[in-house]
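Input: a single structure, listed below in structure tokens.
Labels below follow one simple rule: chain letters A, B, ... track the order of the sequence lines, proteins then strands, and each chain is numbered from 1. What you see below is based on every heavy atom in this structure, not just the backbone, and it leaves out hydrogens, waters and symmetry mates. Because the structure is predicted, anything quoted here is derived from the model rather than measured.
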Amino acid sequence: MKKLMDLIEQEIASAFEAAGYERKYAKVTLSNRPDLCEYQCNGAMAGAKVYKKAPIMIANDVIAHLTEKKYIAEIEAVNPGFINMKVNAEAVSEYLNEMKAEEGLGIEKAKEPKMILVDYGGPNVAKPLHVGHLRSAVIGESIKRIARKMGHKVLGDIHLGDWGYQMGLIVTELQKRQPDLPYFDESFEGEYPTEAPFTIGELEEIYPTASAKAKADEKYREEALHATYLLQNGHRGYRAVWKHIMRVSVADLKKNYENLNVEFDLWKGESDAQAYIPDMIADLKEKGFAHEDQGALVIDVQEETDTKEIPPCMIQKSDGASLYGTTDLATLIQREEDYHPDHVIYIVDKRQELHFVQVFRAAKKTGIVPEETKLSFLGFGTMNGKDGKPFKTREGGVMRLENLIAEIEDEMYQKITDNRTVEESEAKETAKIVGLSAIRYGDLSNQASKDYIFDVDRFTSFEGNTGPYILYTIVRIKSILNKYMAEGASVDGLCMQAAAGDSEKALMLEAAKYNEVMENAYEELAPHKICAYIYDLSNAFNRFYHETKILSEEDAPKKQSYIALLVLTKEILESCIDVLGFEAPERM
RNA sequence: CUCCACGUAGCUCAGCAGGAUAGAGCACUCGCCUCCUAAGCGAGGGGUCGGAAGUUCAAAUCUUCUCGUGGAGGCCA
């Protein structure tokens, strides 16, 4: 359904037209002076020059020609030329009733759904997830869900780092430790064991050990490089080891992402793109897109309008090996073949921006990706500790994601048991749910592109702009609705009446913004706008709650109207937190 | 050195397709539970929006310069 602001704008636009002014000046915005009005239009001032009239005259003119007044209840021109409006409470309640009855709470879904692919996560196999992986996972998941909410067809791809030197290192170290394994017996022709020769714990230890050895020992490094080469060229035993690594590691990653409530539709990785590389390189050479430069194979991506030098996109090192640009391009070929996406969104550390500029340009220039396909880079900032420096453990090491989650859950558990007496198992479960909201909301409430400070105390607080505060608000509503239903009444099919009080109307106007906020968050790929919105909505609800005795209201239609408003508020909040990737408990 | 991002209250952050008195939260001071979760609500103090010019009727928002911080700049991702 249409946005409330657009409905208001239509009325005022007709008045602009009737008064002889262009409709485009009728842009309506939310009032920045809530003490004066609810909505405003500043078009009279914008048009003053064109029409050579004082803004206030235009404003008065427009008001005089306002004939449709379904939504605009009060309108007033104020110097120098503001047009201030208040909305008809009756129309707002009707709007909300319609919204409540609709499937998607009034969201106007895309008429032509796009195929969108979100590339996020990006963990390396055989390495534990650390806090650096949090942002990509949380932001990507949210972008995916927002786009889905807007009616698009969206696939999330984890894009595993599962190929290359790191794998060679593990194979080499494993061979040193267990040389008798059949994988390393060149004459072995039988079936390899189905059981992996290591656990995830061992794997996580093998990699850093091997990496350290390679740095210290040139010979070891060469062995690892050779193992990498053999693996990539189909060495039977190494491939079998690689499959074990993948199976063990992916199982562990799935578990960890599940704990974070992050779900990938595709578990593709760099290895999947590998098959496309030889043809791609041959093709790029043949068509003249790629040329040799200082021994490496590159694609020029410099454009005339550039103010700075953009280095070429490198697709092959001088030793013939491929590198991340190669894989990223090949992955695009694969995606084009498999899904033909209209839009690919990369959720990656912002420091990789230049690399993606190169890849995007190369992809477009070479026709790997059609001209009309949108390629977006959503770069996120660093997660810092309280000291403003990259987040570390107390000992100064890299913090594992699962440890961070556990720490937050403990903190939450403490708070829950300190505040109320709850059963052990329920407290644990609630701590988990609320803890996750604290982490995600803490991250998402900041603009993705900026660095932010991860402050455990602040994020787990129940006060202020935090996940727990939002959940607390939802729980409050649920509690009232449960009591209402316990009296034998049903919450279904109730309708709202026009708001009688200020806090009620404020809550209603806030609720009416839902579809607009969601659309805007989608267009700008900005989950933090949803956070800001539900914080406002929660505040509006809590104010209303404080002044209004809902269950003890004696006027039955009024009471039902309150309940209907509560149901709608709850549904909006739940829809928003779902898009942010967490949910509300029954009690807390 | 070149390019990019950021700089808003003591702290953490919004606002930045220009609009009226720059907003929250935390912290600080005060008030509100015989009443649906006080993990709440209300009130108060706290700002030359890093600095300087410019564009405009109007600049935190746009442009240029400048200072500070962080980042990137062909064979790691």
According to the Watson-Crick and G-U wobble definitions, with both distances under 3.5 Å, which nucleotide is paired to [N]?
N	result
B:A52	B:U64
B:U12	B:A24
B:U34	none

* Asked: Cation-pi between A:K350 and A:F380: NZ/CZ under 6.0 Å from ring centre and within 45° of the ring axis?
  ->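 A:K350 over A:F380 ring: no.
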
* Nearest-nucleotide wise, let me know which of A:F454 and A:I83 is further upstream toward the 5' end of RNA chain B. =>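 Result of the comparison: A:F454.
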
* Nearest-nucleotide 5' precedence on RNA chain B, A:Y469 against A:S449 ->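 Looking at RNA chain B, the more 5' nearest nucleotide goes with A:S449.
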
* To do: Go along nucleotides 60-77 of chain B 5' to 3' and tag each nucleotide: B for a protein heavy atom under 4.0 Å from its base, S when only backbone or sugar atoms are that close, - otherwise.
  => -----------SSSBBSB

* Contact pattern, 5' to 3', of nucleotides 24-29 of chain B - B, S or - by protein heavy atom under 4.0 Å -> SSSS--

* Could you tell me whether B:C33 is syn or anti, where syn means a glycosidic angle within 90 degrees of zero? =>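 Syn.
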
* To do: Could you tell me whether B:A17 is syn or anti, where syn means a glycosidic angle within 90 degrees of zero?
  =>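 Syn conformation here, the glycosidic angle of B:A17 being no more than 90° from 0.
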
Is [X] touching bases, backbone alone, or none of the nucleic acid, heavy atoms closer than 4.0 Å?
X	value
A:A46	base
A:N32	base
A:Y484	nothing
A:E547	nothing
A:K483	sugar-phosphate
A:N84	base

* Does atom CD of A:E218 have more than 12 heavy-atom neighbours, drawn from other residues, nucleotides or ligands, at distances under 6.0 Å? -> yes

* For A:K285, look at atom NZ and say whether over 12 heavy atoms of other residues, nucleotides or ligands are found less than 6.0 Å away. => no

* Asked: Which atoms form the tightest heavy-atom contact between A:Q352 and A:F377, and what is the distance?
  ->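 Shortest heavy-atom contact: C-CZ, 3.9 Å.
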
* Does the ring center of A:F360 lie less than 6.0 Å from the ring center of A:Y346? ->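 Judged by ring-centre distance (under 6.0 Å), A:F360 and A:Y346 do meet the cut-off.
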
* Asked: Among the nucleotides B:U12, B:C36, B:G40, which one has an atom lying closest to any side-chain atom of A:I453?
  -> B:U12

* **Donor-acceptor pair between A:Y469 and A:N542 side chains, under 3.5 angstrom** => yes

* Structure fact -> Contacts satisfying salt bridge (charged side-chain N to carboxylate O under 4.0 Å, His left out) that involve residues 457-476 of chain A (not counting sequence neighbours) are A:K386-A:D457

* Could you label the plane-to-plane angle of the A:F459 and A:Y452 rings as parallel, tilted or perpendicular, counting under 30° as parallel and over 60° as perpendicular? =>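 Correct class here is parallel.
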
